[in-house]
Each structure stands twice: as C-alpha cells, then as structure tokens.
Asks: 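To start, I am sharing the structure in question, which I have written as structure tokens.
All residue numbers in this chain count up from 1 along the given sequence. Every heavy atom of this structure was used, including side-chain atoms; hydrogens, water molecules and symmetry mates were not.
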Amino acid sequence: MSAVSNRLPTFPWDKLEPYKKKAAAHPDGIVDLSVGTPVDPVPDLVQKALIDAADSPGYPTVWGTPALRDAITGWLERRLGAREVTHRHVLPIVGSKELVAWLPTQLGLGPGDRVAFPRLAYPTYEVGARLARAEYEAYDDPTELDPEGLRLLWLNSPSNPTGKVLSQAELTRIVAWAREHGVLVFSDECYFELGWEADPVSVLHPEVNGGSYEGIVAVHSLSKRSNLAGYRAAFLAGDPAVLAPLLEIRKHGGMITSAPTQAAVVAALADDTHVHEQRERYAARREALREALVNHGFRIEHSEASLYLWATRDESCWQTVSHLADLGILVAPGDFYGPTGERFVRVALTATDERIRAATERLT
C-alpha cells in the first residue's frame, strides 16, 4: 500500500486547514467558497425517481439499464448536437473523479507512456498518471506537444479552475492534430451546462469531429447541473473502440452505478427545467460575487463559464487566501492547480444565497 500512496503528491486541501480555522472564527461564521460542492436541493423529480427505485435487491449492470442508455444518448443529441449516438457510444461511471484517477491504469498505460493536461488543471489528471506510473506534462497548446509516446491527452472546457472555454475552431484543430498523431483525446466537459459569457462546444459535435467519434471521448457529470454530487453520477460518450474495453475492465472491477442512481439519472437527463432554474441561482451569485471582488481590488480573468471566478490581487495566492480568511471567507489557492496559478485564487459560486450575501457584505 505504501508503494502506491508514495506515488501521489501531498493532498493539497490539507494545506488549507489553518485558513479554514481562521475563517471559521469570524463572528458571523465562515463563508466557504473553496470547494465547488453543490448546496442547493436535489430536484424533487430526481429524488422521487431515486425513492421509486429504492427496492433494488439485485445487482445492477455496469453498462446500465436500457432506459439509462436511452436517456444519455437522447441528452447528447439534444444538448450537445451529437449525431448517430448509439448505446455502444456511452458508458455510465461512478462519478467523474474515479474515472479521471483510474483511466490511465485502465487504458494500460505505464512507464514510458505520456499523459498531458492543461497548464492550469484539476489535480486528479496528474494523480491518474502517477497511479499508472506514466509520465505526465502540462501544456499551453496541446498541438505543440511532442506526440512521441503521448498516449492520453486531457482537454477541459469549460476549465476548472479558470472557467476558460475552448472555441469550436480550437477544438477542431486539436482533434485533427491528435488524430494525425494517434493520440487518444478525453475531453472533460463536466461544466458544459454552465456557460455565462461563452457557449461551450463539445468534442462530440460533428463540426468538431467531422461526424466521427474515432479517438475521442467526452466526460460528463450530473454533479453540478443537477446537484447530484452525492449520487456519484456521470458518464462517458464517444469512441466505442475505447469504451468497449473500459466496460469489460469495469465489469471485472465491479465499478457499478447503483440501480437507484441509474433511475435518478434517467429522470435528471430528461428534464431541462431544473437545470435552467439552477443556472439562474448560480448566475445571480456569480454577478454578486464578481462585483464585490472587483470593488475590493480583485481582477477577474477568464471565468466565462463553470462554477468559479478566477481572481487575483497580483500577490501570492496564499497572501490572498489569508486576507480573505481574515474576513471569514475561504477560497482555494491557485497553485493547487499548477505553478502558474500562484497569484490567483479560485472562488466558488457554490454557497447559499445567505452566505453569498455575507461574503459580499464583508468585501464592501
């Protein structure tokens, strides 16, 4: 066990604990904007579907029910503009983080293979490479990478942490380059429904991939769009030649979405109303926080989508974290996401309206 854990970096969030204690000492309590965990209720129709499926004594299947696969393919065509998506093009997963962490291992990558991810990125991309003992590197433009030995290319649009959105033209260029060099593309699109100043585009859109899913897979999650982080509900969509062996591996490993959760996902993907309502909540919180931060002397960069504001006071991110903790506000330091984030903080929109108001008042 120690041999495996020794491959991993120090868990970054442990470094935030002293600042969390400082923020919690505020007379009016902490406003925790550090982790993007939903706080709003699970939609009633989703809860009902989960309850109705509670009597599920048998083992569910890794591939999911036909109803689940129908719901996923229907959503992909309706929301992403994907075409000719069949059940072979989709695979349910137990939340997206486990997939990110274990994908290089499940793909059979190891020493000598390379995994690449954005310069500022979700730390689990690196963790996945480390677990597989593969090499890893960060990029600004993936098409400038040496393709030799590059086996897995992660895209992330909208980005965590910056909220940056890759344009259709950029995605098209990257997909074409990856195919030319035989590089597998996994596109993390978990914040797709949360575009504010830009409209995200999926690698599954035919104008990006030319009508073929060869060599590309998109990762989607219901954690943010439907407040289902506690359900661990996500799915993959794309190249059947990639998904089929992953399905077999996950069968052997027992990586199965629970039957009640599968039913809940069917209900969630069939309904767009609750997504629009949740977007309105986040939009209001975003506007209030953005104005307060700017008035307090922050500059906001990117942040055109996702659940975060990427903010700086042109100082060390830890100075900013400490300053905000003095006000009872906890945020994530930018260097959690890569060295180039060392002068930024990530501010999450995932707090109640009351806590967001408290934050804006303290920033005044």
Asks: Run Glu189 and Ser202 through side chain to side chain donor-acceptor pair (under 3.5 Å) and show every step you take.
Replies: CA-CA 7 Å; Glu189 302 175 354; Ser202 173; 2.8 Å; yes
Asks: Please answer whether the main-chain N or O of Gly81 pairs with a side-chain N or O of Arg83 as donor and acceptor at a distance below 3.5 Å.
Replies: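 At least one qualifying donor-acceptor pair exists.
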Asks: Do Thr172 and Glu207 pair up side chain to side chain, a donor and an acceptor below 3.5 Å, judged on atom types alone?
Replies: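 No donor-acceptor contact under 3.5 Å links the two side chains.
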Asks: Do the side chains of Lys21 and Glu17 get close enough for a salt bridge, i.e. N-O under 4.0 angstrom?
Replies: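 Not counted as a salt bridge, because no side-chain N and carboxylate O are separated by less than 4.0 Å.
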Asks: Could you give me the CA-CA distance, side-chain angles and deciding distance for Ser223 and Arg232, then say whether side chain to side chain contact (heavy atoms under 4.5 Å, CB included) is met?
Replies: CA-CA 7 Å; Ser223 293; Arg232 310 315 301 133; 3.6 Å; yes
Asks: Quick one, Tyr122 with Trp154, criterion ring-ring contact (aromatic ring centres under 6.0 Å, His included). Give me CA distance, side-chain angles, the key distance, then yes/no.
Replies: CA-CA 10 Å; Tyr122 185 44; Trp154 279 107; 8.9 Å; no
Asks: Are Asp141 and Arg173 ion-paired here, with the side-chain N under 4.0 Å from a carboxylate O?
Replies: yes
Asks: If you round to the nearest 0.5 Å, how far is CG of Leu155 from CG of Leu171?
Replies: 6.5 Å
Asks: Linking I/L/V/M/F/W/Y whenever any side-chain heavy atoms sit under 4.5 Å apart, do Val42 and Val265 land together?
Replies: yes
Asks: Are any non-hydrogen side-chain atoms of Trp13 and Ser34 less than 4.5 angstrom apart?
Replies: yes
Asks: Answer yes if Leu16 and Leu327 sit in the same cluster of Ile, Leu, Val, Met, Phe, Trp and Tyr residues linked by side chain heavy atoms under 4.5 Å apart, and no otherwise.
Replies: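 Same cluster: Leu16 reaches Leu327 through Ile, Leu, Val, Met, Phe, Trp or Tyr contacts under 4.5 Å.
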Asks: Could you verify whether a donor N or O on one side chain and an acceptor N or O on the other, from Ser322 and Gln319, lie under 3.5 Å apart?
Replies: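 No - no donor-acceptor pair under 3.5 Å links their side chains.
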Asks: Should Leu204 and Val217 be counted in the same cluster of Ile, Leu, Val, Met, Phe, Trp and Tyr side chains packed under 4.5 Å apart?
Replies: no
Asks: Measure across Gly195 and Pro200 and return the closest heavy-atom pair with its distance rounded to 0.1 Å.
Replies: CA-CD, 3.9 Å
Asks: If we ignore hydrogens and angles and just use 3.5 Å, is the side chain of Asp271 paired with the main-chain N or O of His274 as donor and acceptor?
Replies: yes
Asks: For the residue pair Ser159 and Asn156, establish whether any side-chain heavy-atom pair is separated by less than 4.5 Å.
Replies: yes
Asks: Charged N to carboxylate O under 4.0 angstrom, Arg357 versus Glu354?
Replies: no
Asks: Can you tell me how far the CD1 atom of Ile256 sits from the CZ atom of Arg250, to the nearest 0.5 Å?
Replies: 10.0 Å
Asks: Does Phe298 reach the side chain of Leu324, with side-chain heavy atoms less than 4.5 Å apart?
Replies: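 Sidechains of Leu324 and Phe298: in contact.
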Asks: Are Val115 and Leu145 linked, directly or through intermediate hydrophobic residues, by side-chain heavy-atom contacts shorter than 4.5 Å (ILVMFWY only)?
Replies: no
Asks: If we count only N and O atoms by modelled type, under 3.5 Å, do the side chains of Arg114 and Tyr136 hold a donor and an acceptor together?
Replies: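 Result is no, nothing qualifies.
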Asks: Can you see which heavy atom on Gly328 is nearest to which on Arg362, and at what distance?
Replies: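 Result for this residue pair: O-NH1, 3.0 Å.
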Asks: What are the two closest heavy atoms between Pro92 and Thr257, and how far apart are they?
Replies: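 Looking at all heavy atoms of both residues, the shortest contact is CB-OG1, 4.1 Å.
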Asks: Quick one: pull up CG in Leu184 and CD in Glu214 and give me the separation to the nearest 0.5 Å.
Replies: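 Answer for the CG-CD pair, Leu184 versus Glu214, is 10.5 Å.
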Asks: State whether a side-chain donor-acceptor pair under 3.5 Å links Arg346 with Asn160.
Replies: yes
Asks: Would you please test Leu99 and Leu236 for side chain to side chain contact (heavy atoms under 4.5 Å, CB included) and show each step?
Replies: CA-CA 9 Å; Leu99 182 280; Leu236 304 179; 3.9 Å; yes
Asks: Once rounded to the nearest 0.5 Å, what's the spacing between atom CG of Leu307 and atom CG of Leu349?
Replies: 5.5 Å
Asks: So, the side chain of Arg88 versus the backbone of Pro240: is there a donor-acceptor pair under 3.5 Å, distance only?
Replies: no
Asks: Any side-chain donor-acceptor pair under 3.5 Å between Tyr125 and Asp188?
Replies: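 Side-chain D/A pair, Tyr125 to Asp188: present.
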Asks: Under the criterion side chain to side chain donor-acceptor pair (under 3.5 Å), I'd like the reasoning laid out for Asp326 against His323: C-alpha separation, chi angles, the key distance, then a yes or no.
Replies: CA-CA 5 Å; Asp326 286 335; His323 168 71; 5.5 Å; no
Asks: Quick one: which of Tyr282, Trp196, Tyr308 gives a ring pair (Phe, Tyr, Trp, His ring centres under 6.0 Å) with Tyr191?
Replies: Tyr308
Asks: Would you find a donor on one side and an acceptor on the other, under 3.5 Å apart, between the side chain of Glu170 and the backbone of Ser167?
Replies: yes
Asks: Could you state the interatomic distance from OG1 (Thr162) to CZ (Arg119), rounded to the nearest 0.5 Å?
Replies: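 Thr162 OG1 to Arg119 CZ: 13.5 Å, rounded to 0.5 Å.
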Asks: List the steps, then state whether side chain to side chain contact (heavy atoms under 4.5 Å, CB included) holds for Asp70 with Thr65.
Replies: CA-CA 9 Å; Asp70 282 342; Thr65 63; over 6 Å; no
Asks: Taking only Lys NZ, Arg NE, NH1 and NH2, and the carboxylate oxygens of Asp or Glu, determine whether Glu361 and Arg355 approach each other closer than 4.0 Å.
Replies: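 Salt bridge flag = no for Arg355 with Glu361.
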Asks: What about Leu166 and Val185, same hydrophobic cluster or not, with Ile/Leu/Val/Met/Phe/Trp/Tyr joined at side-chain heavy-atom distances under 4.5 Å?
Replies: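 In one cluster: yes.
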Asks: Salt-bridge test for Glu280 and Arg285: reply yes if a basic N is under 4.0 Å from a carboxylate O, no otherwise.
Replies: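 Result for this pair is no, no salt bridge flagged.
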Asks: Is any side-chain heavy atom of Pro158 less than 4.5 Å from a side-chain heavy atom of Glu304?
Replies: no
Asks: Using the rule given for side chain to side chain donor-acceptor pair (under 3.5 Å), can you reason through Thr273 versus His276, listing the C-alpha separation, both sets of side-chain angles and the distance that settles it, and then say yes or no?
Replies: CA-CA 5 Å; Thr273 300; His276 296 315; over 6 Å; no
Asks: Could you check if a side-chain atom of Ile329 sits within less than 4.5 angstrom of a side-chain atom of Leu363, using non-hydrogen atoms only?
Replies: yes
Asks: Glu193 and side-chain hydrogen bond (donor to acceptor under 3.5 Å, both in side chains): which partner among Arg79, Lys224, Arg279?
Replies: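 So the option named by the test is Arg79.
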Asks: For Leu91 versus Val62, what's the shortest heavy-atom pair and its separation?
Replies: CD1-O, 4.4 Å
Asks: Taking the side chain as every heavy atom from C-beta outward, state whether Val90 and His220 have any atom pair closer than 4.5 Å.
Replies: no
Asks: Within the side chain of Thr350, is there an N or O that forms a donor-acceptor pair under 3.5 Å with the backbone of Val35?
Replies: yes
Asks: So do the side chains of Thr320 and Thr312 get within less than 4.5 Å of each other, counting heavy atoms only?
Replies: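 Of all side-chain heavy-atom pairs linking Thr312 with Thr320, none is under 4.5 Å.
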Asks: Closer than 3.5 angstrom, by distance alone: can the side chain of Glu342 be matched with the main-chain N or O of Ser316 as a donor-acceptor pair?
Replies: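 Here the side-chain-to-backbone pair does not exist.
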Asks: Do you know the tightest heavy-atom contact between Tyr213 and Ala82?
Replies: OH-CB, 3.5 Å
Asks: Quick one: sort the Phe235 and Trp75 rings into parallel, tilted or perpendicular, breaks at 30° and 60°.
Replies: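 Perpendicular: the ring planes of Phe235 and Trp75 meet at over 60°.
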Asks: I want to check something: taking the side chain as every heavy atom from C-beta on, are Val321 and Val345 in contact at a cut-off of under 4.5 Å?
Replies: yes
Asks: Ignoring hydrogens, what is the shortest heavy-atom contact between Ile93 and Val219? Give both atom names and the distance.
Replies: CD1-CG1, 4.4 Å
Asks: Assign the ring pair Trp310 / Phe344 to parallel, tilted or perpendicular, where the plane angle (0 to 90°) is split at 30° and 60°.
Replies: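 Judged by the thresholds at 30° and 60°, the geometry between Trp310 and Phe344 is parallel.
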Asks: What verdict does the side chain to side chain donor-acceptor pair (under 3.5 Å) test give for Gln278 and Ser226, after you've listed the backbone C-alpha separation in whole Å, the side-chain angles of each residue and the deciding distance to 0.1 Å?
Replies: CA-CA 8 Å; Gln278 188 61 45; Ser226 300; over 6 Å; no
Asks: To the nearest 0.5 Å, what is the distance between OG (Ser96) and CG (Leu222)?
Replies: 10.0 Å
Asks: Salt bridge between Glu135 and Arg151, side-chain N to carboxylate O under 4.0 Å?
Replies: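 Looking at Glu135 and Arg151, the cut-off is not met.
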